[in-house]
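All values derive from a computational prediction rather than experimental measurement.
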Amino acid sequence: MAFVRKFADSLKSKEFRQYLMSTHFWGPVANWGIPLAAIADVRKDPSIISGKMTVALCVYSAVFMRFAWMVKPRNLLLLACHMTNEGAQLTQLGRFVNYNYIEKKPQSSAV
């Protein structure tokens, strides 16, 4: 029970309220839309995937994973967001490569 009380007290603290009103919190929260959209798109047809945009989002998340780790204090919420996005974008990139370069596409018959 002491743990629960300590946790509840920390949620009521001034530091926690300040954290909730900071860009250290709201930046990552707003950013979660990107990986959530990529995860939702996994069931869609791979013909709609943009290879260039997917590569750009992979690079973007890799760069910001490092930023989230190196910034003081560390922003673990942002790190988790970009790790999730990196995984989702790599999945989409794999689907893009498989669809466009590996699968055999039916040849149209020219007359």
Side-chain angles (χ1 to χ4, degrees):
M1 285 309 265
F3 171 76
V4 174
R5 179 180 278 301
K6 186 175 180 179
F7 181 71
D9 288 343
S10 70
L11 291 179
K12 296 176 192 175
S13 71
K14 181 179 179 182
E15 292 81 17
F16 185 73
R17 286 193 310 270
Q18 286 178 333
Y19 172 69
L20 287 180
M21 296 303 158
S22 71
T23 56
H24 225 67
F25 175 76
W26 287 107
V29 168
N31 213 14
W32 271 100
I34 298 170
L36 293 176
I39 291 167
D41 287 348
V42 167
R43 294 186 179 261
K44 292 184 180 174
D45 189 72
S47 66
I48 64 171
I49 299 171
S50 166
K52 290 179 183 179
M53 189 60 168
T54 303
V55 169
L57 285 167
C58 285
V59 172
Y60 160 77
S61 279
V63 168
F64 276 93
M65 274 192 289
R66 184 177 191 289
F67 170 80
W69 186 255
M70 298 304 290
V71 71
K72 300 293 182 197
R74 284 192 175 134
N75 194 333
L76 298 179
L77 186 56
L78 185 63
L79 179 66
C81 175
H82 284 295
M83 287 176 72
T84 303
N85 190 43
E86 189 71 24
Q89 296 303 331
L90 287 172
T91 300
Q92 292 293 65
L93 186 59
R95 293 179 68 227
F96 174 81
V97 168
N98 186 48
Y99 178 79
N100 289 291
Y101 300 105
I102 297 174
E103 284 183 354
K104 291 186 178 187
K105 296 181 186 174
Q107 298 291 328
S108 60
S109 57
V111 180

Problem set entry | same_hphob_cluster(Ile34, Val63) at 4.5 Å side-chain heavy-atom cutoff | yes
For this session: Return the set of residues passing ring pair (Phe, Tyr, Trp, His ring centres under 6.0 Å) with Phe64 (not counting sequence neighbours), or none when no residue passes.
Result: Tyr60, Phe67, His82
Exercise. Transitive ILVMFWY cluster of Met70 at side-chain heavy atoms under 4.5 Å: who else is in it?
Worked result: Met65, Trp69, Leu76, Leu79, Met83
Problem set entry | Residue pair Asn75 / Pro28, side-chain heavy-atom distance below 4.5 Å | yes
For this session: Could you note down all residue pairs passing side-chain hydrogen bond (donor to acceptor under 3.5 Å, both in side chains) where residues 15-27 supplies at least one of them, sequence neighbours left out?
Result: none
Problem set entry | Closest approach of Ala38 to Gln92 (non-hydrogen atoms, all atoms of both residues) | O-NE2, 3.8 Å
For this session: Sequence neighbours left out, what pairs pass salt bridge (charged side-chain N to carboxylate O under 4.0 Å, His left out) with at least one residue falling in residues 28-44?
Result: Asp41-Lys44
For this session: Measure the OG-CG distance between Ser47 and Asn100 for me, rounded to the nearest 0.5 Å.
Result: 8.5 Å
Exercise. How far does NZ of Lys52 sit from CZ of Phe96, to the nearest 0.5 angstrom?
Worked result: 9.5 Å
For this session: If a pair satisfies salt bridge (charged side-chain N to carboxylate O under 4.0 Å, His left out) and one of its residues is in residues 57-82, list it, with sequence neighbours excluded.
Result: none
For this session: Of all the heavy-atom pairs spanning Pro35 and Ala88, show the shortest one and how long it is.
Result: O-CB, 4.3 Å
What donor-acceptor contacts under 3.5 angstrom involve side-chain atoms of residues 4-13, with partners at least two apart or in another chain?
from	atom 1	to	atom 2	distance (Å)
Ser10	OG	Phe7	O	2.7
Ser13	OG	Ser10	O	2.8
Ser13	OG	Phe16	N	3.2

Exercise. Considering only heavy atoms from C-beta outward, does the side chain of Val29 approach that of Leu77 to under 4.5 Å?
Worked result: yes
For this session: Could you tell me which non-hydrogen atom of Glu86 sits nearest to which non-hydrogen atom of Ser61, and how far apart they are?
Result: OE1-CB, 3.3 Å
Seminar exercise, completed: Between the CG atom in Leu57 and the CD atom in Gln89, the distance rounded to the nearest 0.5 Å is 4.5 Å
Exercise. Any side-chain heavy atom of Thr84 within less than 4.5 Å of one from Ile39?
Worked result: yes
For this session: Sort and list the pairs that fulfil ring pair (Phe, Tyr, Trp, His ring centres under 6.0 Å) and have at least one residue in residues 30-55, not counting sequence neighbours.
Result: none
